Chemist: 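I am attaching a structure below and will ask some questions about it afterwards.
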Amino acid sequence: MTGTTTIGVLALQGDVREHVDALERLGVRSIRVRRPAELAECDALVLPGGESTTMFKLARTFELFDPIVERLRDGMPAFGTCAGMIMLADRVVDGIEGQETFGGLDVTVRRNAFGRQVDSFEGPVDVKGFDTALHGVFIRAPWVESAGDGVDVLATVAVGDPAPGESDTRIVAVRQGSLVATSFHPEVGHDDRMHRYFVDLVTTS
Ligand code: GLN
């Protein structure tokens with residue numbers, strides 16, 4: 001199915017290995033991307049979790065920033081998790097001074113959004129189209145504060161302590177065309193359904 005497809009994992013920083021392993025479990029050829037020549041080999045790119053404020057600077061240093069932006073503009077499929085979601089967002093709230101993103105996703109994300117007390121947590125997440133909930137691991141995660149009309153919301157989670165009968169939810173997974181992003185880390189653990197979702201998107205697009 002995926003014999004000729006190569007999916008890169010941006011390997012400047014973050015949980016690169018977990019993504020490579022997940023793609024390998026699905027039988028997909030995957031390479032670590034640190035140079036423009038490696039990016040050129042890829043049909044699609046995964047942007048891992050890590051630290052977006054470090055990742056964008058390293059992407060500049062390694063001269064990958066502009067080539068990635070160009071590939072995204074040309075329609076290369078991409079899947080960002082946590083910091084990777086931030087890197088795909090067109091707009092960031094609570095970024096550092098001068099923080100840049102590759103962009104492409106018409107969303108505003110808030111960095112470290114869940115607040116100090118629930119800085120990191122785990123729990124079930126219902127993802128559109130999945131039969132059963134996915135175990136979501138959130139580590140200083142962003143959420144999607146607002147999304148444009150072309151963005152499909154794949155998952156939300158309840159937050160805070162709403163009054164009875166009310167609910168307060170935040171968007172934690174989105175898709176816009178061939179771009180997919182999650183606030184949580186589907187690469188942690190052995191539930192490969194989010195990766196399969198992305199691989200299916202890549203191989204059918
Ligand atoms: N808080 C991190 C950032 O701003 C993201 C954390 C993560 O990827 N686990 O990039």
Side-chain angles (χ1 to χ4, degrees), residues 7-23 30 32-34 44-62 64-65 68-69 72 78-125 127 134-147 154-157 159-160 170-176 179-195 197-198:
I7 299 185
V9 179
L10 184 64
L12 301 173
Q13 190 266 337
D15 61 349
V16 175
R17 189 200 177 114
E18 287 79 356
H19 280 289
V20 170
D21 288 350
L23 292 168
S30 121
R32 289 168 166 79
V33 173
R34 288 193 197 86
L45 189 65
V46 172
L47 308 170
E51 179 47 59
S52 59
T53 55
T54 306
M55 221 178 275
F56 88 85
K57 289 180 194 159
L58 290 174
R60 285 276 176 218
T61 306
F62 282 69
L64 270 173
F65 196 96
I68 289 175
V69 170
L72 291 171
F79 176 26
T81 66
C82 203
M85 169 190 259
I86 297 170
M87 293 304 304
L88 283 179
D90 281 345
R91 296 165 298 277
V92 180
V93 177
D94 278 351
I96 61 164
E97 178 78 30
Q99 179 159 359
E100 297 179 281
T101 67
F102 302 133
L105 261 185
D106 181 16
V107 298
T108 300
V109 296
R110 179 175 291 277
R111 281 184 68 232
N112 304 333
F114 288 89
R116 225 172 241 190
Q117 269 128 32
V118 285
D119 196 293
S120 300
F121 60 98
E122 302 186 13
V125 180
V127 179
L134 193 131
H135 183 71
V137 177
F138 296 78
I139 305 167
R140 293 177 60 74
W143 68 42
V144 174
E145 191 119 322
S146 62
L154 299 180
T156 60
V157 293
V159 292
R170 301 292 175 189
I171 300 168
V172 294
V174 290
R175 172 179 178 179
Q176 181 187 348
L179 303 179
V180 180
T182 63
S183 301
F184 51 90
H185 290 270
E187 69 278 19
V188 175
H190 285 258
D191 187 338
D192 294 327
R193 283 178 292 170
M194 258 341 287
H195 286 81
Y197 177 90
F198 181 61

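Remember, it's 1-based here, ligands and their atoms both numbered in the order they're listed. Please read all numbers here as calculations on a predicted model, not as lab measurements. FYI, side chains are in, hydrogens and waters are out, and symmetry mates aren't considered; it's all heavy atoms of this structure.
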Chemist: Tell me: protein heavy atom nearest atom 10 (O) of ligand 1, and distance?
Modeler: S52 N, 2.5 Å
Chemist: Show me which atoms of ligand 1 lie under 4.0 Å from any heavy atom of R140.
Modeler: 1 (N), 2 (C), 5 (C), 6 (C)
Chemist: Honestly, is R110 close enough over W143, meaning NZ or CZ under 6.0 Å from the six-membered ring centre and within 45° of the axis?
Modeler: no
Chemist: Where does H185 meet ligand 1, judged by heavy-atom distances below 4.0 Å: at the side chain, the backbone, both, or neither?
Modeler: side chain
Chemist: Any N or O of A83 that comes nearer than 3.5 Å to an N or O of ligand 1?
Modeler: yes
Chemist: For F79 together with H195, are the ring centres under 6.0 Å from each other?
Modeler: yes
Chemist: In terms of residue, atom name and distance, what is the protein heavy atom nearest to atom 1 (N) of ligand 1?
Modeler: N112 OD1, 2.6 Å
Chemist: Do F56 and F65 have ring centres separated by under 6.0 Å?
Modeler: no
Chemist: Can you pull out the closest protein heavy atom to atom 2 (C) of ligand 1? Residue, atom name and distance to 0.1 Å, please.
Modeler: E51 OE1, 3.4 Å
Chemist: Hey, is I86 touching ligand 1 through its side chain, its backbone, both or neither, going by heavy atoms under 4.0 Å?
Modeler: side chain
Chemist: Students should be able to answer this: which protein heavy-atom is nearest to atom 7 (C) of ligand 1, and at what distance?
Modeler: C82 SG, 2.8 Å
Chemist: Which one of A141, G49, G50 has a non-hydrogen atom at the shortest distance from atom 5 (C) of ligand 1?
Modeler: G50
Chemist: Answer side chain, backbone, both or neither: which part of R111 comes under 4.0 Å from ligand 1, heavy atoms only.
Modeler: side chain
Chemist: Judged by atom type as modelled, is there a donor-acceptor pair below 3.5 Å linking the side chain of Q176 to the main-chain atoms of D106?
Modeler: yes
Chemist: Test your reading of the model: is there a side-chain donor-acceptor pair from D15 to the backbone of G49, 3.5 Å cut-off?
Modeler: yes
Chemist: Salt bridge check: are E100 and R60 linked by an N-O gap of less than 4.0 Å?
Modeler: yes
Chemist: Charged N to carboxylate O below 4.0 Å: is that the case for R111 and E51?
Modeler: yes
Chemist: Is there a polar contact, in the sense of an N or O pair closer than 3.5 Å, between T53 and ligand 1?
Modeler: no
Chemist: Taking all heavy atoms of S183 and all of A141, pick out the closest pair and write down the distance.
Modeler: O-CB, 3.4 Å
